[in-house]
Amino acid sequence: MAVSDQNMATGIWSGAESDEADAQPHLGPRQRWARRKAILQQAAVLLLVAALAVFVIRNTVVNLQARGLASGFDFLWQEAGFQMAFSLISIDPTSTYGRVFLAGLLNSLLVAALAITAATILGFAVGLARVSPSAPVRYVARGYVEIVRNLPLLLHLLLWQAVVLRSLPTVREAIGLGGFGFLSNRGLYLPAPVAGDAMAIAVAMVVTAGIAAIVAGWVTRGRAQARGESPPRFGPVLIAGGLIANAVAIATLDWQIPVLAGFDYRGGLKLMPEFVSLVAALTIYNSAFVAEIVRAGVQSVGRGQREAALALGLPPKLILRLVIVPQAMRVIIPPLANQYTHLIKASALATVVGFPDLVNVFLGTSLNQTGRAVEIVVITACVYLALSTTVALATSAYGRRVKLVER
Amino acid sequence: MAHSSVSGTSSPLVPTTAVRRLLATVVANPFGTAVCLGLAYLAWTLGLRIVDWAFVNATWVASDRAGCNPDGACWAFIVNRLPQFAFGFYPEAERWRAWIVLIAPPLLLLLAMAPEFPGRRKVLVGGFCLYPVASFILLSGGVLGLAPVPSEKWGGLLLTMVVGIGAFVFSFPVAILLALGRTSKLPAIRLIATGFIEFWRGMPLIAILFMSVIMLPLFLPPGVEFPRLTLAMTGITLYSAAYLAEVARGGLQSVGRGQSEAANALGFGFWAMQGYIIMPQALRAVLPGIVNSAISLLKDTTYVMVVGLFDLLNIVTAALSDPAWLGLATEGYVFVGLVFWSLCFGLSQVSARMERDSERAQLRAPNGGRKAS
Amino acid sequence: MTANASIAVRSLSKWYGSWRALRDVSLDIDGGTCTVLCGPSGSGKSTLLRCLNGLEEWQEGDVAIGGVAVGYKARELRRLRRDVGMVFQSFNLFPHLSVLDNVTLAPRIVRRRVRRETEEHAMQLLERVGVAQHAAKLPSALSGGQQQRVAIARALAMRPSVLLFDEPTSALDPESVKEVLDVMIDLARSGTTMVVVTHEMGFARRVAGRVVFMDKGSIVETGEPGEFFDCPCTDRAKAFLGNITRN
């Protein structure tokens with residue numbers, strides 16, 4: 001406050017003039033007592049926690065010995081000896097537990113990434129419908145949200161698994177998706193690129209770089225807009241370059257379309273039904289929450305903003321896009337990131353339907369086979385904590401950026 | 001309303017009736033109207049088929065799948081299995097105990113809705129706090145001449161209730177301690193509380209359940225054993241406590257510094273201040289958040305399936321593989337869905353009403369509006 | 001501790017970080033008198049007041065109330081604060097409790113009195129400050145002046161031997177100021193030891209036994225209100241009074 005600032009100034013000034021002790025704060029008996037008390041209290045709590053830890057560790061050691069279980073992380077380099085029904089990297093019975101762990105982690109990430117993308121798109125659509133000018137649209141959106149979010153996620157998953165996928169036709173009568181993909185009760189068949197590992201990696205790098213360029217271009221444009229400057233010239237160049245690079249990279253690949261051969265399709269990418277139902281359930285369930293976040297965000301933008309835009313003669317659709325949504329994003333992003341963390345964690349439900357995600361193959365099968373309970377639980381915990389921390393850090397970085405722009 | 005301010009056309013035709021308002025919308029937004037008409041058509045055809053399936057062609061009484069009309073829902077499956085879905089494998093002679101446990105929460109809720117009477121809050125708080133312990137004793141028996149029933153036999157909605165309400169009530173004191181720890185001035189305590197909260201919030205509940213069934217027995221002294229239900233509930237309780245602690249922390253931050261100063265000046269000690277002055281205000285401020293946590297927890301209880309407990313969802317799933325009633329997944333899951341939906345939707349309405357009430361109270365506070373109590 | 005205790009402050013110094021808020025303050029206040037602390041904002045008058053019941057901790061010096069030193073252990077402080085009532089600028093009533101419960105809570109919990117006894121006493125006090133008819137309402141339903149009078153009743157309910165007032169009228173509208181000052185005048189005349197931080201010079205003139213003028217963390221001048229207001233000895237006090245009357 002101004003007053004205390006002023007007094008700060010006079011205090012320092014008169015301190016320099018009169019007595020030395022002014023500039024040198026020191027501890028009186030009260031502060032020493034408070035400090036001692038704080039140290040004692042903290043020491044007591046730490047001691048209690050340490051005692052608990054000792055108790056738990058001692059029991060664990062005794063219990064592990066009694067059960068004749070080995071310990072250590074060496075199992076990660078041992079042969080796992082089991083197959084995975086689906087994996088992004090090749091897994092065979094001679095693969096190590098370390099590789100199995102990696103495959104499980106990649107599967108979890110794949111499920112989470114797909115579901116996050118789909119849930120965000122669907123959620124934004126429903127959320128904007130929640131604030132639509134048309135009342136019936138609002139009611140339909142509200143009905144969707146209320147039905148979806150009040151059912152347990154696991155029920156969504158089992159419903160997809162048991163009802164929707166079971167009612168799909170057999171492989172012989174599979175539904176064609178434009179001649180490229182097929183949907184049957186054995187899963188979803190999609191075209192996949194045929195290429196060696198090296199080629200795939202090269203293409204993946206080009207695609208990643210392309211996406212990064214597009215994002216960078218988009219972000220610089222957004223930043224310039226937020227500051228009210230004209231966007232830098234290289235922005236569009238970056239976006240266009242990224243798009244072209246991606247298109248070329250994808251076109252150079254040799255795409256293989258699945259073909260019916262005997263009882264199953266051959267070639268291409270086969271997504272198992274468990275995968276499809278998992279992604280579908282995660283998408284639908286989380287889209288309802290995303291929709292509510294979007295609605296709250298849009299409604300947080302003051303009415304005056306809307307009216308000011310109307311007064312400028314902006315058409316309603318542009319108002320939403322140019323005025324409301326950009327401002328609402330600040331309110332939307334933090335809870336949205338929170339929801340993403342939820343989704344990543346919820347992807348562990350894969351275990352229930354038997355999709356080989358991290359928890360299923362590592363905390364499940366690997367733990368049963370090796371008995372290294374402590375080690376495996378610690379690794380799994382670290383992975384999930386790292387994932388949620390990453391999301392949290394990204395969010396707080398965004399928060400700082402938004403704060404800067406606001407000023 | 002919101003739509004008039006966006007469309008901006010409704011000022012000449014002031015909507016007085018629903019029909020007029022609808023017409024105004026149609027004029028304002030032809031695209032939305034087309035979408036609506038499409039959806040309405042879809043809802044109509046789909047609705048008819050659902051009504052046909054669920055009511056017109058449905059079979060309510062039959063002894064097995066073959067006795068059901070194949071064109072309609074086979075509710076006979078649910079009807080026949082209802083006692084099992086409600087109580088699991090709880091012995092029939094002792095079902096009255098399960099009945100009491102199942103009926104008590106709705107009765108308490110009704111009491112919460114009932115008009116104010118002296119001591120109502122005490123009855124409510126006491127009721128919900130005692131519920132988990134009392135129902136545990138009543139269900140497991142072995143005392144007061146009650147026949148012992150192992151927790152492996154509990155199941156169905158009964159188990160869902162015991163796990164959900166039990167974990168919620170037990171997590172409350174833990175959550176309050178964690179929230180106080182996280183807002184403490186002492187760095188060591190803050191660090192421990194923050195680490196604890198972030199650990200449980202960062203882990204998937206599925207992994208927590210696996211952990212509590214695999215790891216907890218390892219942590220305990222040799223020879224000490226707990227049933228699966230207790231282990232799983234410990235995990236869920238700590239998980240829920242971490243989330244609830246963050247809600248409570250929000251509440252603590254909403255209580256002004258002046259409150260603790262006034263309490264200090266009156267000679268309150270730390271715990272008396274928290275118990276009588278800070279916590280009542282903090283928790284009241286975040287009551288909607290607390291109810292939302294309860295809803296999440298109720299839905300999350302279904303995860304106990306992965307450690308082999310037969311809650312409502314799992315017992316229905318298990319019943320689907322009964323050879324006499326094969327292929328009735330839709331009926332089974334619709335039933336489970338209806339139960340969960342009505343519980344969660346009901347609770348969410350309670351939370352929404354609280355939020356509206358508190359907003360209204362906030363609007364009223366500064367200009368000194370009247371509130372009789 | 002006796003009723004209407006005296007207060008002794010001996011060479012009190014306090015730093016906030018490297019800023020010295022109180023410099024070597026000494027002050028004696030007799031039991032049963034009303035003392036007004038005044039001075040420009042940031043002069044340390046509120047800090048001094050808050051030291052009297054240990055709400056602020058200081059580095060050097062001693063404070064004693066009724067001959068008992070203000071300690072620093074939590075239990076000693078709690079015992080002291082039971083007997084030292086305090087009224088805040090922003091009332092700090094407990095918004096979740098009715099007016100009556102606001103007044104009875106501390107006697108019940110801190111002094112462990114039974115409810116009936118505390119409620120009777122509370123109603124007498126509410127009657128005395130003139131808000132008895134609002135006993136069942138929540139504080140948010142009252143005006144600022146009414147709330148501050150409830151806060152005074154809340155402090156009185158502990159039967160304190162000293163009452164501290166921290167700018168009790170600064171957050172009030174002019175009409176409410178009078179309601180609250182009337183109650184305070186009544187208290188002062190009944191012979192309660194009061195220390196009041198205020199800018200209400202009219203109040204000081206009418207009931208204060210002594211006026212203490214502070215600036216930059218030290219006591220610059222003390223005196224009877226008559227002398228102080230009519231012919232302040234120091235230039236700083238003159239400047240301060242000049243500012244106040246000009247406003």
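Just so we're on the same page: letters track the sequence lines, and every chain starts at 1. These numbers come from the heavy atoms of this one structure, side chains and all, not from hydrogens, waters or symmetry mates.
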Practice item. Rounded to the nearest 0.5 Å, what's the gap from CG on A:L349 to CE on B:M305? Could you check? Key: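 A:L349 atom CG to B:M305 atom CE measures 10.0 Å (nearest 0.5 Å).
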**Study point:** Euclidean distance, A:R149 CZ relative to B:S296 OG, rounded to 0.5 Å
**Key:**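 Atom-to-atom, B:S296:OG and A:R149:CZ are 10.0 Å apart.
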Report yes if some heavy atom in the side chain of [X] is under 4.5 Å from a heavy atom in the side chain of [Y]; otherwise report no.
X      : Y      : result
A:L46  : B:I192 : yes
A:T60  : B:F219 : yes
B:I214 : A:L367 : yes
B:R201 : A:S388 : no
B:F210 : A:V359 : yes

Among [options], which has the most heavy-atom pairs under 4.5 Å with chain A?
options                        : answer
B:P187, B:S184, B:G332         : B:P187
B:I206, B:L298, B:V334, B:L347 : B:I206
B:F340, B:F345, B:W341         : B:W341

Check your understanding: Any idea which heavy atoms bring A:K345 and B:G202 closest together, and the distance?
Key ->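 That closest heavy-atom pairing would be CD-O, 3.3 Å.
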Practice item. Specify the closest pair of heavy atoms between A:V374 and B:M215, including all atoms of both residues, with the distance to one decimal. Key: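 In terms of heavy atoms, the two residues are closest at CA-CE, 3.9 Å.
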Top contributor to chain B interface from [options] [non-hydrogen pairs under 4.5 Å]:
options                       : answer
A:L385, A:V383, A:V45         : A:L385
A:I39, A:N63, A:N150, A:L363  : A:N150
A:I147, A:V61, A:V140, A:T380 : A:I147
A:Q42, A:H342, A:E146         : A:Q42

**Study point:** Stepwise side-chain contact (heavy atoms from CB on, under 4.5 Å) check, A:N59 with B:L218
**Key:** CA-CA 7 Å; A:N59 286 335; B:L218 290 179; over 6 Å; no
Counting only non-hydrogen atoms closer than 4.5 Å, does [X] touch chain B with its backbone (N, CA, C, O), its side chain (CB onward), both, or neither?
X      : value
A:F362 : neither
A:A373 : both
A:V391 : neither
A:V62  : side chain

Exercise for review: Could you tell me which portion of B:F196 (side chain, backbone, both or neither) has an atom closer than 4.5 angstrom to a non-hydrogen atom of chain A?
Suggested key: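 Neither part; nothing is under 4.5 Å.
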Point to revise | Residue B:V306 versus chain A: region with a heavy atom under 4.5 Å | key: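 Just the side chain, heavy atoms under 4.5 Å.
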Practice item. Could you pull out all residues at least two apart from B:F270 that satisfy ring pair (Phe, Tyr, Trp, His ring centres under 6.0 Å)? Key: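 By the ring pair (Phe, Tyr, Trp, His ring centres under 6.0 Å) rule, B:F270 matches no residue at all.
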Point to revise | B:F226 atom CZ, neighbour heavy-atom count above 12 within 6.0 Å | key: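 No - once you tally the heavy atoms of other residues, nucleotides and ligands closer than 6.0 Å, there are 12 at most.
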Review point. When only heavy atoms count and the cut-off is under 4.5 Å, which of residues 151-162 of chain A reach chain B?
Key: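 When heavy atoms of chain B are the reference, residues 151-162 of chain A contributes A:L151, A:P152, A:L153, A:L154, A:L155, A:L158, A:L159, A:A162 within the under-4.5 Å range.
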